Each structure stands twice: as C-alpha cells, then as structure tokens.
Amino acid sequence: EVQLVESGGGLVQPGRSLKLSCVASGFTFSNYGMNWIRQAPGKGLEWVAYISSGSSYIYYAETVKGRFTISRDNAKNTLYLQMTSLRSEDTALYYCARRQLVDYWGQGVMVTVSS
Amino acid sequence: DVVLTQTPPTSSATIGQSVSISCRSSQSLLHSNGNTYLHWLLQRPGQSPQLLIYLVSRLESGVPNRFSGSGSGTDFTLKISGVEAEDLGVYYCVQGTHAPPWTFGGGTKLELK
C-alpha cells in the first residue's frame with residue numbers, strides 16, 4: 001500500500017524557517033517524481049514545487065521561488081521542503097503528492113505563519 | 001500560466017441524480033506528444049484529494065465506473081451517473097500539459113440537495 005506521511009509543520013513567526021518531511025512507503029520512491037502542494041484554510045489547491053526522481057529537474061511556483069527548497073533523499077525514502085522567509089500567506093496545509101499525475105497524496109501537515 | 005475555470009462552483013444533487021462538472025482551460029491542453037494532461041481529483045470533507053480520472057477519461061484503479069470524463073482542447077467534463085453519498089466533496093481539475101506550473105481549477109463543491 002502506498003503511504004506518504006508528512007511531518008514538521010507547526011506555528012512559526014513571519015520571517016522564520018521551517019523544514020517539512022514526507023516519508024514514503026509501499027513503492028520504489030527513487031523511481032518517482034514528487035510534489036509539494038498546499039491548501040490555504042478554506043481555499044483551493046496550489047502547486048508549490050516538484051522534484052524529479054533523481055533530483056535532476058526541480059521546479060517552483062513563482063510565489064515561493066527563492067524562499068523554498070525542495071529536495072529528497074532516496075536512500076531514506078524521504079522528500080523535504082525547506083521553507084525560509086515565511087510569510088502569513090504561506091499559512092496552509094502542505095501535502096506531498098506522488099509524480100506529475102498526483103496519484104497519491106499524504107494526509108497533509110499544517111504550517112501556520114503568525115506572530 | 002494556464003487558468004482552469006470550473007463551473008458550477010457549487011452543485012446540489014439528490015442521491016441517484018446525474019451531475020456534470022465543467023473545466024475550461026485558457027489554452028489547449030493537447031500536448032505535442034498527443035496526450036492531454038487533464039485530470040480530476042475529489043477531496044472529501046476532512047480528507048486529502050484523491051485521483052479519480054487521468055488523461056481526460058481514464059478511470060483510476062478502484063474508482064467506480066459511475067465516474068466518467070470527456071472533452072478535448074480547452075473544454076472538459078466530469079460526469080457522475082447516479083450520485084452516491086460518498087461522492088460528496090470538492091472536485092478539482094488539474095493540468096500538467098503546460099507544466100510547470102501545474103495548475104488547478106478553483107473547485108466544484110458537490111452537496112446534497
């Protein structure tokens with residue numbers, strides 16, 4: 001069974017940093033590209049970042065470019081999102097999702113940016 | 001960036017009724033490789049989104065066949081033939097033809113009448 005489990009969220013002050021993790025199981029993690037997608041409270045879905053299976057291709061939404069860094073450790077079956085210079089508008093539930101098809105999603109981890 | 005416009009924003013249905021949701025793209029989603037990367041997701045209340053239909057009309061494994069997708073170019077439709085209680089939630093279309101960025105429609109909330 002495919003499972004994606006996010007962690008690392010919480011309450012953080014504006015301008016501070018936070019690192020999210022997503023541990024994958026039930027499939028060969030190193031064979032798949034991965035995404036971070038977020039959902040602000042009561043809002044729709046917003047794609048944040050994508051990383052290819054071997055980390056050769058990395059893309060970011062304009063809203064996070066230069067502040068967020070996506071990475072992965074295939075030996076640990078883990079996807080990461082390093083978030084810096086956080087803003088109130090980054091407050092959202094952050095999901096990791098498998099490949100460009102977004103065929104599997106984690107349960108999400110909440111990030112709240114507030115003073 | 002590609003803008004996906006979903007209509008209606010909210011749909012009210014009775015159990016057993018058929019429902020259609022539209023997703024219109026600001027540009028053609030036909031990729032140069034011949035595929036159309038338009039997919040449909042369902043987010044049930046309090047849950048993560050799940051993939052229902054991919055590449056316009058292909059049913060994801062385990063998804064009931066009362067769900068169907070159709071369309072081409074810029075106009076796409078998700079149809080539910082006989083709504084069941086478990087179908088309630090928010091439906092999203094998402095495109096990958098002109099990614100990055102991957103873009104989502106604004107969502108259509110399906111509720112009981």
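None of the values given here were measured: they were computed from a predicted structure. Heavy atoms only: backbone and side chains are in, while hydrogens, waters and symmetry mates are out. So that the names make sense, note that chain A is the first sequence line, chain B the second, and so on, each numbered from 1.
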When hydrophobic residues are tied together by side-chain contacts of less than 4.5 Å, even through go-betweens, does I15(B) share a cluster with I21(B)?
yes
Pick whichever of Y37(B), Y54(B), Y92(B) has the most heavy-atom pairs under 4.5 Å with chain A.
Y92(B)
For R16(A), look at atom CZ and say whether over 12 heavy atoms of other residues, nucleotides or ligands are found less than 6.0 Å away.
no
May I ask you to check whether over 12 heavy atoms, not counting those of R24(B), lie within 6.0 Å of atom CZ?
no
G106(A) versus S48(B), closest heavy-atom pair with distance
O-OG, 2.5 Å
Would you say M83(A) and I58(A) are hydrophobically clustered, going by side-chain heavy atoms of ILVMFWY under 4.5 Å?
yes
Best-contacting candidate, L55(B), T103(B), L51(B), L52(B), against chain A by heavy atom pairs under 4.5 angstrom:
L51(B)
Please indicate whether N33(B) has more than 12 foreign heavy atoms, meaning atoms of other residues, nucleotides or ligands, lying under 6.0 Å from its CG.
yes
Taking atom CG of L101(A) and atom CZ of R58(B), what is their separation to the nearest 0.5 Å?
10.5 Å
Gap separating the CD atom of Q43(B) from the CH2 atom of W105(A), nearest 0.5 angstrom
7.5 Å
At a heavy-atom separation under 4.5 Å, does Q39(A) approach chain B through its side chain, its backbone, both, or neither?
side chain
From the list G105(B), G107(B), P49(B), the residue making the most non-hydrogen contacts under 4.5 Å with chain A is P49(B)
Pairwise side-chain contact, V102(A) with W102(B), heavy-atom cut-off 4.5 Å (strictly under):
no
Chain A contacts, top residue of V90(B), L41(B), V94(B) (heavy-atom pairs, under 4.5 Å)
L41(B)
Using the rule that two of Ile, Leu, Val, Met, Phe, Trp, Tyr join whenever any of their side-chain heavy atoms come within less than 4.5 Å, decide whether Y94(A) and L4(A) are in one cluster.
yes
Treat each ILVMFWY residue as a node, draw an edge where side-chain heavy atoms are under 4.5 Å apart, and state whether V63(B) and L88(B) are in one component.
yes
Heavy-atom proximity to chain B below 4.5 Å, by part of L93(A)
neither
Would a single hydrophobic cluster contain both Y60(A) and L79(A), if residues Ile, Leu, Val, Met, Phe, Trp and Tyr are joined by side-chain heavy-atom contacts under 4.5 Å?
yes
Which atoms of Q47(B) are under 4.5 Å from chain A, going by heavy atoms: the side chain, the backbone, both sets, or neither?
backbone
Less than 4.5 Å apart, side chain to side chain, heavy atoms only: is that true for Y50(A) and P100(B)?
no
